[in-house]
Structure formats: C-alpha cells, structure tokens
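Comments concern the structure below.
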Amino acid sequence: MIREKRAFTLNGYGMLAVLLILQAVTVAMALRSLAATEFPVAAGWGLAAVIVAFCWHGLFMVAPNQGKILQLFGKYVGTEHVTGLRWGNPLIFKRTPISLRIRNFESGKLKVNDANGNPIEIATVVVWKVVDSAEAYFEVDDYESFVTIQSEAALRNVANEFPYDNHSEDTLSLRGDPIEVAEKIRAQVQERLGSAGIQVIEARISHLAYAPEIAQAMLRKQQAGAVLAARKLIVRGAVEMVTDAITTLAESHAIELDDERRANMVNNLMVVICGEQQAQPVINSGSLY
C-alpha cells in the first residue's frame with residue numbers, strides 16, 4: 001500500500017531569484033566568450049545557460065488546501081502541501097493536483113427494505129475530505145466515484161438493520177433515532193473508505209419515507225400504533241391514579257369501602273379518566289344495594 005510522504009522541494013521565490021542571476025550570468029559569459037572568439041569556452045557557457053533554463057521547469061504553484069503529487073519517471077516521490085511557489089526536481093514532469101478541501105456528497109433516493117421487510121426510500125449526505133493523497137490517487141481508480149458507490153452501499157446495509165419506525169423503547173429506528181443511525185452510517189462509510197485515504201466527517205439521512213406503493217397502508221398502521229401506544233400510557237396512568245385514590249381513602253379512614261363499593265369506585269374512576277368524552281355526573285340518592 002502506498003502511503004503519503006513529504007516531497008523534497010525548496011522555496012520557489014528564493015529559487016526564482018537564484019535562477020534569474022544564474023541565467024543572466026551564463027548568457028552574459030557565453031556572449032562575452034563569443035565576442036572574444038573563445039568558442040570552446042562559449043560552448044561551455046552556452047551549455048550552462050541551457051541547463052539553467054531547464055531548471056526553470058522545476059518551479060510550480062500549490063494552491064491553498066491543495067496537494068501536488070510528484071512522480072519521477074512513474075515513481076511516486078512525494079506530495080507537496082506547502083502553499084505558494086515551490087521548486088523541485090526539474091526532471092519531474094508529472095505534478096498532479098489533488099484537492100484537500102472538505103466536500104459533500106448526496107446520494108440519490110435509494111429504494112431498500114428496512115429490518116421489517118417494508119420497502120422504503122432513503123438518501124444520505126456524506127461530508128468527507130482526502131487525508132492521504134497517495135492512497136486516494138494510487139490505491140483506487142477514481143476516488144470520487146469510489147466515495148459515491150461505497151457510501152450508497154453502506155447506506156443500504158444500515159437501512160436493512162433498522163426498522164423504519166418502532167414504538168418500543170429498546171429498539172432503534174430510522175425515524176425515531178436519527179443521531180444514532182447517522183453515526184452508524186458514518187462508521188460504516190468510514191470503514192469502507194479508509195483504504196482510499198478518505199476521512200468521513202459526517203453522514204446524515206437527508207430523505208426518509210415509505211415507498212409510494214405502501215405509503216398509505218403504512219401511514220394507517222403508524223397511526224394505529226401511535227394510538228395504541230398512547231392508550232397504553234393513558235391506562236397505565238389511570239391505574240396509578242386510581243390506586244393512589246383508593247390507598248389515600250383507606251389510610252385516612254374517611255370512607256369505609258367494602259369490596260363491591262371499591263370495585264364500583266374503581267370502575268367509575270377508570271371510565272372518567274380513560275374516556276374520550278367528557279364525563280356526565282350521576283347523583284345517586286339511594287343505596288348502592
């Protein structure tokens with residue numbers, strides 16, 4: 001596996017001044033030797049001027065948040081990250097720029113099955129950047145396409161692990177636990193992209209819905225589940241309230257209730273608390289018996 005390493009380069013502005021002086025000196029000495037008809041000496045200075053001119057090819061620019069991958073005759077020799085004008089080996093003809101900026105990718109709406117087998121539509125936004133230019137450039141054919149394909153594959157895998165919705169507190173769901181699911185997506189995408197020198201900063205679900213063919217049916221099921229969960233909560237609270245009322249009456253000895261009267265009071269209280277309509281009071285002027 002090819003890992004990123006620092007390329008050996010020099011400050012381009014200093015080398016620019018040096019090359020200007022050397023170029024001027026060699027050309028001037030070549031012309032002076034020609035004027036003095038010293039042809040061997042003039043040829044030597046001319047050759048030196050050509051070498052200095054070739055050294056100008058070693059100058060290159062590096063933009064902010066960019067790296068330059070340097071290859072000498074096909075061999076990777078390093079990556080330069082220092083911003084500005086740099087000078088390196090003039091024999092390096094291939095200097096490939098690679099962006100180190102933070103980028104984001106939004107997948108298309110994928111149609112997958114959740115943990116319960118229900119068809120859903122889901123999409124995600126992945127925020128990522130290149131942290132190892134050598135791995136991103138040499139280990140995969142096209143790292144941007146690699147990010148796209150692997151992110152969608154990880155999203156499908158996560159969507160298959162969780163149900164769309166779940167009223168149980170013990171089970172995570174795609175709709176009810178977006179933060180936990182997003183972290184699961186980020187971890188899986190990072191695992192797949194780690195070999196390509198990519199760091200996944202964040203992954204979030206950007207679209208989540210039932211597939212159109214079952215949307216209406218699942219909406220009714222979802223509403224029924226919500227009503228059932230609410231009813232359970234109401235009944236549980238009503239039982240606690242009735243229990244407290246009976247216990248308080250028994251402890252204070254304000255009213256002595258036999259089993260039948262206690263059952264009748266429990267029934268009346270449960271009807272009043274759990275009923276959807278407003279209770280209508282009934283005045284009993286006679287005996288219960």
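Heavy atoms only: backbone and side chains are in, while hydrogens, waters and symmetry mates are out. We count residues from 1, following the sequence as given.
Using a distance-only test at 3.5 Å, with no hydrogens or angles considered, a donor-acceptor pair links the side chain of Arg95 to the main chain of Ile92. In this structure a side-chain-to-backbone donor-acceptor pair under 3.5 Å is present from Glu4 to Ser133. Between the side chain of Gln199 and the backbone N or O of Gly194, no donor-acceptor pair lies under 3.5 Å. Between the side chain of Asn116 and the backbone N or O of Asn118 there is no donor-acceptor pair closer than 3.5 Å. Using a distance-only test at 3.5 Å, with no hydrogens or angles considered, no donor-acceptor pair links the side chain of Lys111 to the main chain of Pro119.
Salt bridge annotation for Glu202-Arg186: absent, with no cationic side-chain nitrogen under 4.0 angstrom from a carboxylate oxygen. Residues Glu80 and Arg6 are paired through a salt bridge, judged by an N-O separation under 4.0 Å between the basic side chain and the carboxylate. Ion pairing between Glu38 and Arg32 fails under the 4.0 Å rule for side-chain N and carboxylate O.
Ring orientation note: the planes of Trp128 and Tyr143 are nearly perpendicular, at an angle over 60° on the 30°/60° scale.
Taking every heavy atom of both residues into account, Ala196 and Val140 meet most closely at CB-CG1, 3.9 Å.
Counting heavy atoms from C-beta on, the side chains of Asn104 and Val126 never come closer than 4.5 Å. Taking 4.5 Å as the limit, some side-chain heavy atom of Gln188 sits within range of a side-chain heavy atom of Asn157. Looking only at side-chain heavy atoms (C-beta outward), Thr148 and Phe105 come within less than 4.5 Å of each other.
Taking hydrophobic clusters as Ile, Leu, Val, Met, Phe, Trp and Tyr residues chained together by side-chain heavy-atom distances below 4.5 Å, Tyr137 shares a cluster with Phe146. Under the 4.5 Å side-chain heavy-atom criterion for ILVMFWY residues, a single connected hydrophobic cluster contains both Leu172 and Ile120. Under the 4.5 Å side-chain heavy-atom criterion for grouping Ile, Leu, Val, Met, Phe, Trp and Tyr, Met15 is connected to Leu22 within one hydrophobic cluster. Under a hydrophobic clustering in which Ile, Leu, Val, Met, Phe, Trp and Tyr are joined whenever their side-chain heavy atoms come within less than 4.5 Å, directly or via other members, Phe60 and Leu19 fall into different clusters. The hydrophobic cluster containing Val77 also contains Phe73, counting ILVMFWY residues as joined when their side-chain heavy atoms lie under 4.5 angstrom apart, directly or transitively.
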Should Glu106 and Ser206 be marked as a side chain to side chain contact (heavy atoms under 4.5 Å, CB included) after you check the CA-CA gap, both sets of side-chain angles, and the distance that decides it?
CA-CA 8 Å; Glu106 183 174 9; Ser206 60; 3.5 Å; yes
Give the intermediate values and the outcome of side chain to side chain contact (heavy atoms under 4.5 Å, CB included) for residues Val189 and Gln150.
CA-CA 7 Å; Val189 175; Gln150 295 301 323; 5.9 Å; no
Going through the distances and angles, do Ile122 and Leu155 end up as a side chain to side chain contact (heavy atoms under 4.5 Å, CB included)?
CA-CA 8 Å; Ile122 189 170; Leu155 178 61; 3.8 Å; yes
After noting the C-alpha distance and the side-chain angles of Lys129 and Arg101, does the key distance pass the side chain to side chain contact (heavy atoms under 4.5 Å, CB included) rule?
CA-CA 6 Å; Lys129 68 175 182 178; Arg101 299 180 178 92; over 6 Å; no
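For the atom pair Ile185 CD1 and Glu183 CD, the distance stands at 10.0 Å (nearest 0.5 Å). Residue Arg3 holds its CZ atom at 8.0 Å from CD of Glu139, rounded to the nearest 0.5 Å. Here Ile149 contributes atom CD1 and Arg192 contributes atom CZ; the two are 11.5 Å apart, rounded to the nearest 0.5 Å. Distance OG1/Thr96 to NZ/Lys68: 9.0 Å, rounded to 0.5 Å. Expressed to the nearest 0.5 Å, how far CG of Leu10 lies from CG of Leu85 amounts to 11.0 Å. In this structure, Trp87 CH2 and Leu59 CG are separated by 8.5 Å, a value rounded to the nearest 0.5 Å.
Test Leu70, Val82, Val62 against Thr9 for side chain to side chain contact (heavy atoms under 4.5 Å, CB included) and you get one pass: Leu70.
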